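Following: one structure in C-alpha cells, then a few remarks.
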Amino acid sequence: MTIRVNRRTALGLGTVATAGTVLGAAAPASAAPEVTEPAPATPRQAALRVAASYARETDRAGGNWQAYVSVADPAGEPAVAVADEPDRRIEAYSVNKIAVATAVLDKVDRGLLTLDQRVEVTAAIVVPGGDGMFSLDGAYPSSVTLGHALANLLTVSDDTAVRLCGLVCPAAELNQILRDKGFPNTQVQPVANPNRFFLGTSTPRETHDLLRALVGGTLLSPAATAFVLRLLRAPVAYTDGVRRVMSSAERARIATKAGWFADARHEAGVIFDAAGAPLLTYALFADGQAGADDYGATHPAVEARARMGRRFLAAVDRLTGTGATHRPAVQRPSNGG
C-alpha cells in the first residue's frame with residue numbers, strides 16, 4: 001500500500017486530520033521533542049504522519065530530495081509513506097558504505113575472508129585529511145583486522161576503511177556481488193586501480209530494499225547481520241541526523257548510516273520497536289540546500305532529518321514490527337581501569 005503524499009500535497013490531508021495536528025508546530029531540532037498528538041494506532045495512520053513530516057521538513061529545508069520510506073504492517077506488505085523520485089539513480093556517497101560492507105561480509109559468509117584476518121595500513125593507502133580515524137593515526141605502517149576496518153567504515157564512516165575493504169574485495173567483484181543480490185543500481189565506481197573505487201550510486205528504493213533485506217535475514221548470514229546492525233546502532237555511530245533529538249535508549253532502536261559530500265547530505269536506516277523488530281525503513285537523499293561547506297548538525301538538510309527522526313519515531317511508537325527481532329547490544333561508558 002502506498003500513501004500518495006508528497007511535499008507539495010501534504011496539506012491535503014485534512015480529511016485524515018487537520019493540518020495543524022498532522023504537521024505540528026515548528027521547533028528547532030535541538031529543542032526537546034514536542035510531539036503531543038496521540039501516536040497512530042495503525043501502520044496506515046503512521047505512514048500518513050510520516051508523509052506529512054517529510055513534506056513539511058523538506059519544504060522547509062529546500063533543495064532537492066529523493067526518498068523512500070515505509071512502515072511495516074503485520075497484515076501484509078509495508079505501507080509506503082514516501083515515494084519521492086524513488087528510482088532516480090544518484091550519488092549515494094557514504095550511505096553506500098553499507099553496500100561495501102555487505103559485499104565484504106558476503107565473502108566472509110562464504111569462507112573466503114575472516115573478520116580476524118589482518119589488512120595492512122600503509123601511508124600510501126591513508127586518505128589524507130579524510131573523515132575517520134585512520135588519517136589521524138600519524139604512524140604507519142600498521143595493520144588492523146578486517147573487523148576493525150569494517151567497524152570504522154560503518155560507525156565513524158572512515159574513508160580509508162573503504163580502501164582497506166578494496167584490498168580484500170575489488171570493485172568489479174564488489175559490484176557483481178551486489179548485482180547477484182538484486183541491486184543493479186547500487187554500485188561502486190571503479191578507477192584505474194582495481195582495488196580502489198569511488199562509492200558510486202544507488203536509488204532510494206534500492207537502498208531501502210537493501211536495508212529491508214538486511215533486517216529480514218535474506219542479505220547476509222545471522223552472524224554478519226548482527227555484526228552490521230551492532231555497528232549501525234552503536235552510540236558512536238552517526239547522531240547528527242535522525243538520531244539527534246533522542247535518548248540513548250531511543251538511539252539504540254535505530255540503525256543508521258549517513259553520507260555527505262559536496263552539497264549532498266544523505267541518510268538511510270531502520271527504526272525498530274522496543275523488542276527489536278523492524279518498524280520503519282527510510283532512505284533520505286538530499287542536495288542543493290544552502291551551506292554546502294557546513295558538514296555539521298546545523299546544515300538545513302541535517303536539521304530537517306533530525307526533526308523528521310523525532311517524529312518518525314513518535315509515529316510508530318505504538319506499533320509492533322514484523323519479522324526477526326534484533327535486540328541492541330548493551331554498550332555503556334567505561335571509566336577505564
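Excluded from the calculations below are hydrogen atoms, water molecules and symmetry mates; all remaining heavy atoms, backbone and side chain alike, are included. Quick caveat: nothing in here was measured; it's all calculated off a predicted structure. Count residues from 1 along the sequence.
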Side chains of [X] and [Y]: closer than 4.5 Å at any heavy-atom pair?
{"X": "Thr145", "Y": "Leu115", "value": "no"}
{"X": "Ser94", "Y": "Lys257", "value": "yes"}
{"X": "Tyr282", "Y": "Thr256", "value": "yes"}
{"X": "Pro170", "Y": "Asn195", "value": "yes"}
{"X": "Leu199", "Y": "Lys97", "value": "yes"}
{"X": "Arg89", "Y": "Gln187", "value": "yes"}
{"X": "Asn64", "Y": "Glu85", "value": "no"}

In Å and rounded to the nearest 0.5 Å, what is the [atom1] to [atom2] distance from [X] to [Y]?
{"X": "Asp106", "Y": "Leu174", "atom1": "CG", "atom2": "CG", "value": "9.5 Å"}
{"X": "Glu303", "Y": "Asp240", "atom1": "CD", "atom2": "CG", "value": "10.0 Å"}
{"X": "Leu210", "Y": "Leu178", "atom1": "CG", "atom2": "CG", "value": "7.5 Å"}
{"X": "Tyr54", "Y": "Asp84", "atom1": "OH", "atom2": "CG", "value": "3.5 Å"}
{"X": "Asp273", "Y": "Leu279", "atom1": "CG", "atom2": "CG", "value": "4.5 Å"}
{"X": "Asn96", "Y": "Thr201", "atom1": "CG", "atom2": "OG1", "value": "7.0 Å"}

Determine whether a donor-acceptor pair (N or O, by modelled atom type, separation under 3.5 Å) exists between the side chain of [X] and the backbone of [Y].
{"X": "Gln289", "Y": "Ala301", "answer": "no"}
{"X": "Asp109", "Y": "Ser221", "answer": "yes"}
{"X": "Asp137", "Y": "Ala139", "answer": "no"}
{"X": "Thr102", "Y": "Ile98", "answer": "yes"}
{"X": "Arg244", "Y": "Ala297", "answer": "yes"}
{"X": "Glu173", "Y": "Cys169", "answer": "no"}
{"X": "Lys107", "Y": "Val168", "answer": "yes"}
{"X": "Asp287", "Y": "Gly63", "answer": "no"}
{"X": "Asn175", "Y": "Val188", "answer": "yes"}
{"X": "Thr225", "Y": "Gly217", "answer": "no"}

Starting from the C-alpha separation in whole Å, work towards a yes-or-no answer on side chain to side chain contact (heavy atoms under 4.5 Å, CB included) for Val104 and Leu153.
CA-CA 12 Å; Val104 173; Leu153 181 80; over 6 Å; no

Would you say the side chains of Ser157 and Asp131 form a donor-acceptor pair under 3.5 Å?
no

Ser143 and Arg118: side chain donor to acceptor below 3.5 Å
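There is such a pair between these side chains.
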
Just to verify, what does Arg265 make a salt bridge (Lys or Arg N to Asp or Glu O under 4.0 Å) with, not counting sequence neighbours?
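Partners of Arg265 under the salt bridge (Lys or Arg N to Asp or Glu O under 4.0 Å) test: none.
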
Taking only residues two or more places apart in sequence or in another chain, which ones pass salt bridge (Lys or Arg N to Asp or Glu O under 4.0 Å) with Asp87?
Arg205

Taking only residues at least two apart or on different chains, which pairs with a member in residues 222-234 satisfy salt bridge (Lys or Arg N to Asp or Glu O under 4.0 Å)?
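Residue pairs passing salt bridge (Lys or Arg N to Asp or Glu O under 4.0 Å), neighbours aside: none found.
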
The remaining residues in the hydrophobic cluster of Val191, counting side-chain heavy-atom contacts under 4.5 Å among Ile, Leu, Val, Met, Phe, Trp and Tyr, are Phe198

Stepwise, does the side chain to side chain contact (heavy atoms under 4.5 Å, CB included) test hold for Val228 with Leu150?
CA-CA 9 Å; Val228 171; Leu150 288 171; over 6 Å; no

Summary of ring-ring contact (aromatic ring centres under 6.0 Å, His included) pairs that have at least one residue in [range], sequence neighbours excluded:
{"range": "residues 234-257", "result": "Tyr238-Trp260"}
{"range": "residues 157-196", "result": "none"}
{"range": "residues 84-126", "result": "Tyr93-Phe261, Tyr93-His266"}
{"range": "residues 200-223", "result": "Tyr68-His208"}

Is the shortest side-chain N to carboxylate O distance from [X] to [Y] below 4.0 Å?
{"X": "Asp158", "Y": "Arg163", "answer": "no"}
{"X": "Glu57", "Y": "Arg311", "answer": "no"}
{"X": "Arg310", "Y": "Glu250", "answer": "yes"}

Does CE belonging to Met246 count more than 12 external heavy atoms closer than 6.0 Å?
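Enclosed.
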
Starting from the C-alpha separation in whole Å, work towards a yes-or-no answer on side chain to side chain contact (heavy atoms under 4.5 Å, CB included) for Phe227 and Val108.
CA-CA 12 Å; Phe227 178 74; Val108 172; over 6 Å; no

I would like to know whether Thr114 and Leu146 meet side chain to side chain contact (heavy atoms under 4.5 Å, CB included); could you show each step before the answer?
CA-CA 7 Å; Thr114 63; Leu146 182 56; over 6 Å; no

Applying ring-ring contact (aromatic ring centres under 6.0 Å, His included), can you list everything that pairs with Phe197, at least two apart in sequence or on another chain?
none

Listed partners of Thr218 passing side-chain hydrogen bond (donor to acceptor under 3.5 Å, both in side chains), at least two apart
none

Please determine whether residues Met133 and Val144 belong to a single hydrophobic cluster, defined as Ile, Leu, Val, Met, Phe, Trp and Tyr linked transitively by side-chain heavy-atom distances below 4.5 Å.
no

Name every donor-acceptor pair, under 3.5 Å, that has one atom in a side chain of residues 312-331 and the other anywhere in the protein, sequence neighbours excluded.
{"from": "Asp317", "atom 1": "OD1", "to": "Arg253", "atom 2": "NH1", "distance (Å)": "3.1"}
{"from": "Arg318", "atom 1": "NH1", "to": "Ala39", "atom 2": "O", "distance (Å)": "2.9"}
{"from": "His326", "atom 1": "NE2", "to": "Val215", "atom 2": "O", "distance (Å)": "2.8"}

Going by the rule side chain to side chain contact (heavy atoms under 4.5 Å, CB included), which residues pair with Gln176 if we only count those two or more places apart in sequence or in a different chain?
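By the side chain to side chain contact (heavy atoms under 4.5 Å, CB included) rule, Gln176 matches Arg179, Asp180.
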
